[in-house]
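Just below is one structure, and these are the notes that go with it.
Please read these numbers as outputs of a predicted model, since none were measured by experiment.
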Amino acid sequence: MPQNGISRFIGRLQLHGSLSPQSIEAIRALPWRVIKRTKLSYVLREGDIPQEVSILVAGFAQRQKHTSDGTRRIVSFSVPGDPLDFDCLFLNEADFSVQMSTSGTIACVRQEAIKALLDKRPE
C-alpha cells in the first residue's frame, strides 16, 4: 500500500476537520490499488463514467476541461496526497479530465468502498 501518499491524503483531510484514530485506520485499510502512470497519460477523461476514485501518490497531475472551441484549459495542478477525482462520487459522468504532468503513481479505490466508509464514518 502507498502509505506515504495515503498519509499525505489524510493530512489534507485533517486540514478541514479532525479525524478519529479509527477513521484514519479505516482510510488506510481501504482496498487501494496502486497504478504507475506515464507522463501525459490520462487518469480520467471528460465524459467517462468512473467506477473508482484516486489520489496522487507520486508525481504531478493536472485537471483540465475542453472548451467549446476545442482548446484545453488547465484548471488546477495536483501534488502527492491530493485527491484527483473524488467529485465523481457525486457525478454520473466526469465533466473534466485528469492527465499526468509527469510520470507518477496513483492509488485507486472503488467508489462503493468510499461511499460505505462515508456512511459509516461521515467525518
Side-chain angles (χ1 to χ4, degrees):
M1 178 172 346
Q3 286 303 322
N4 194 28
I6 302 298
S7 294
R8 287 181 178 164
F9 172 63
I10 290 168
R12 299 254 193 308
L13 291 175
Q14 290 178 313
L15 292 173
H16 303 284
S18 62
L19 293 173
S20 69
Q22 295 83 6
S23 292
I24 291 171
E25 186 52 39
I27 293 168
R28 290 185 191 284
L30 286 169
W32 297 103
R33 185 170 64 93
V34 179
I35 303 170
K36 300 272 188 193
R37 302 302 301 230
T38 59
K39 181 179 180 179
L40 301 180
S41 65
Y42 280 87
V43 175
L44 180 72
R45 289 183 185 264
E46 198 168 335
D48 284 353
I49 301 171
Q51 302 299 310
E52 296 181 311
V53 293
S54 55
I55 63 169
L56 187 62
V57 174
F60 298 94
Q62 61 200 32
R63 181 182 285 225
Q64 57 198 26
K65 297 218 19 125
H66 287 91
T67 63
S68 59
D69 65 359
T71 60
R72 174 182 68 162
R73 299 281 183 217
I74 296 173
V75 296
S76 67
F77 287 95
S78 298
V79 298
D82 284 349
L84 296 175
D85 51 8
F86 274 47
D87 23 6
C88 288
L89 289 168
F90 310 104
L91 301 172
N92 292 326
E93 178 180 296
D95 65 350
F96 58 90
S97 296
V98 176
Q99 186 177 27
M100 295 299 294
S101 303
T102 65
S103 295
T105 306
I106 61 171
C108 303
V109 67
R110 303 274 309 162
Q111 285 189 4
E112 296 83 22
I114 291 287
K115 288 178 180 178
L117 178 62
L118 289 172
D119 286 342
K120 186 175 181 181
R121 299 193 170 279
E123 77 274 15

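- For the atom pair CD of E52 and CD of Q111, the computed distance is 9.0 Å after rounding to the nearest 0.5 Å.
- At a threshold of 4.0 Å, the pair D82-R63 does not count as salt-bridged, since none of the basic side-chain nitrogens sits closer than that to a carboxylate oxygen.
- Ring orientation note: the planes of F9 and F86 are tilted relative to one another, at an angle of 30° to 60°.
- No continuous path of ILVMFWY side-chain contacts below 4.5 Å connects V98 to V79, so the two sit in separate hydrophobic clusters.
- R8 approaches G81 most closely through the heavy-atom pair CB-CA, 3.6 Å.
- You'll find the side chain of Q62 reaches within 4.5 Å of the side chain of Q99, heavy atoms only.
- What you find for H66 and E46 is that their closest heavy atoms are N-OE1, 3.2 Å.
- How far CD1 of I114 is from CG of D119: 11.5 Å, rounded to the nearest 0.5 Å.
- A donor-acceptor pair is defined here as one N or O able to donate and one able to accept, closer than 3.5 Å; no such pair exists between the side chain of D48 and the backbone of P50.
- Side chains of R110 and Q51 form a contact here, defined as non-hydrogen atoms less than 4.5 Å apart.
- When all heavy atoms are compared, the tightest approach of L44 to A94 is CD2-CB, 3.7 Å.
- Between L84 atom CG and L56 atom CG the span is 5.0 Å, to the nearest 0.5 Å.
- Side-chain contact between K115 and V53: absent, with no pair of heavy atoms (C-beta onward) separated by less than 4.5 Å.
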(request) With side-chain contact (heavy atoms from CB on, under 4.5 Å) as the test, would you mind laying out the steps for I106 and V43 before giving the verdict? (result) CA-CA 9 Å; I106 61 171; V43 175; 3.9 Å; yes
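- Under the 4.5 Å side-chain contact rule for hydrophobic residues, F96 and F60 do not share a cluster.
- How far SG of C108 is from CG of D85: 7.5 Å, rounded to the nearest 0.5 Å.
- Put simply, NE2 on H16 and CD on E123 are 15.0 Å apart, with the number rounded to the nearest 0.5 Å.
- The hydrophobic cluster containing I6 also contains L89, counting ILVMFWY residues as joined when their side-chain heavy atoms lie under 4.5 angstrom apart, directly or transitively.
- Within a 6.0 Å sphere centred on NZ of K65, heavy atoms belonging to other residues, nucleotides or ligands number more than 12.
- No continuous path of hydrophobic side-chain contacts links F90 to V75 [ILVMFWY only; heavy atoms under 4.5 Å].
- Side-chain contact between R28 and I10 is present, with at least one heavy-atom pair separated by less than 4.5 Å.
- Rounding to the nearest 0.5 angstrom, the gap separating the OG1 atom in T105 from the NZ atom in K36 is 3.5 Å.
- Clustering ILVMFWY residues whenever any of their side-chain heavy atoms sit less than 4.5 angstrom apart, transitively, puts M100 in the very cluster that holds I35.
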